[in-house]
Amino acid sequence: MSWYGFGFNGFGQIVAHGREDTGTPCVNQVKVTIPTAVEFPSKCPGSVSKGRSLQLSASWSRTALFPVQGDGQVHLTGFLDGVSSSQKDITRSSGCLDAQINERYLTLRFPDKVECWSCDGADMELVWKTDQDSSDTPQGHSAQLPLVPEGYIAHGPPLFRPLSVQLQAVSLALGSGHAVLLCATGTIYTWGNGSHGQLGHGSLVPEEEPRVVEALWGVPLRSVAAGGWHSACIGEGGDLYMWGWNESGQLGLPSRRCRKKAEQNKETGPPGGQQGDTAEDVCISIQSFPALVDIPRVSEVKRVSCGSRHTAAVSSEGNLYSWGWGDYGQLGHGTLCSSDEPCLVDFFPTHGLRVEDVRCGPWNTFASVTTADPTG
């Protein structure tokens, strides 16, 4: 399994600056427009290696790679210790089962504890820790970060936020100021900032406590994602629902910004628009209720991830589709164009690669791939 990245590379978090052998079209190596293999050490003892299955977490300026088996260390790339294009193995992460990076903190989950380390300066400092009973489940606390026993880890202080155990939380996605929670019953709850409809309650007001998304009541759901100001979820049948801000087409719905840019570029017309349609009568700026998103030629969505203003999804066939803001090449189409329609990232099928998972950073995208089976 390998990871490929594209989009914002201002701190060398995808490919180190100064490399001349990548063969990847870049704009001053800050904008990577075509998927590029993510660099990591292959011979460093205790670090991630090419023979292992790797997981990835991305923030604005850093990327964290770590082996899912818990038999290695977290490897960071990007802006570290005040220097861009840096790489570092986190020795204190040995044995961790999950990791999550943001601009201020690195959170590590071990079989018997969860630790949160400050990564603002050269010396990492432990700022929060909790023990957990690994006998509760066969492999300890089974939910992924940012969920921890009895709550979750937020992007900033106070780091620990409590959650009622009655919610039966199984997955949590955090946006820039809102949260989307999936429960064991397949129901989702949202709370936080609602100024762009990102909570899905049909209004633009905030919610201090988790509130069920009533529009999806009775629809069994299996996955959630949160972007800067938009949200997404996948139903058990592979249907994709999205809501929130659509300024850059990140919901896969008609966007005035995308349509006007298309007109300015003298294109034949907005993608998918009917002849005679105008930006004024079809565009959607804010979608405050969940909307079913159609991806052409895709019957089932397997994974979805949201960046600040873009979205990427993996189909059951192993293809990657992306849409929304593309000014840094984060859509992977070889351009800096935005799109309000899901478009196939054709790099992967062209190179015989099957996409298994996707992770969006705020301004970039990372895809986990395997070699495609030529027999189908």
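Both backbone and side-chain heavy atoms feed into the values below; hydrogens, waters and symmetry mates do not.
- Taking CD of Q100 as the reference point, atom CD1 of I153 lies at 9.0 Å (rounded to 0.5 Å).
- The minimum heavy-atom distance linking L199 with V213 is given by the pair O-CG2, 3.7 Å.
- Between W60 and F8, the ring planes are parallel. Angles under 30° get that label, and only those over 60° would be called perpendicular.
- Across A313 and I295, no two heavy atoms sit closer than the pair CB-CD1, 4.4 Å.
- Every residue two or more places apart in sequence or in another chain was checked for a side chain to side chain donor-acceptor pair (under 3.5 Å) with H196, and none qualifies.
- E103 and S61 share a donor-acceptor pair across their side chains, judged by distance under 3.5 Å alone.
- Checked by atom type, the side-chain pair T190/H201 shows a donor-acceptor distance below 3.5 Å.
- For the side chain to side chain donor-acceptor pair (under 3.5 Å) test, residues two or more places apart in sequence or in another chain that qualify with T187 are T185.
- Note: W363 and W325 have perpendicular aromatic rings, judged against thresholds of 30 and 60 degrees for the angle between ring planes.
- Q73 and S94 are linked by a side-chain donor-acceptor pair at a separation below 3.5 angstrom, with hydrogens and angles left out of the test.
- Residues satisfying the side chain to side chain donor-acceptor pair (under 3.5 Å) test with S288, not counting sequence neighbours, are none.
- Remark: the S84 side chain and the H17 side chain contain no N/O donor-acceptor pair separated by less than 3.5 Å.
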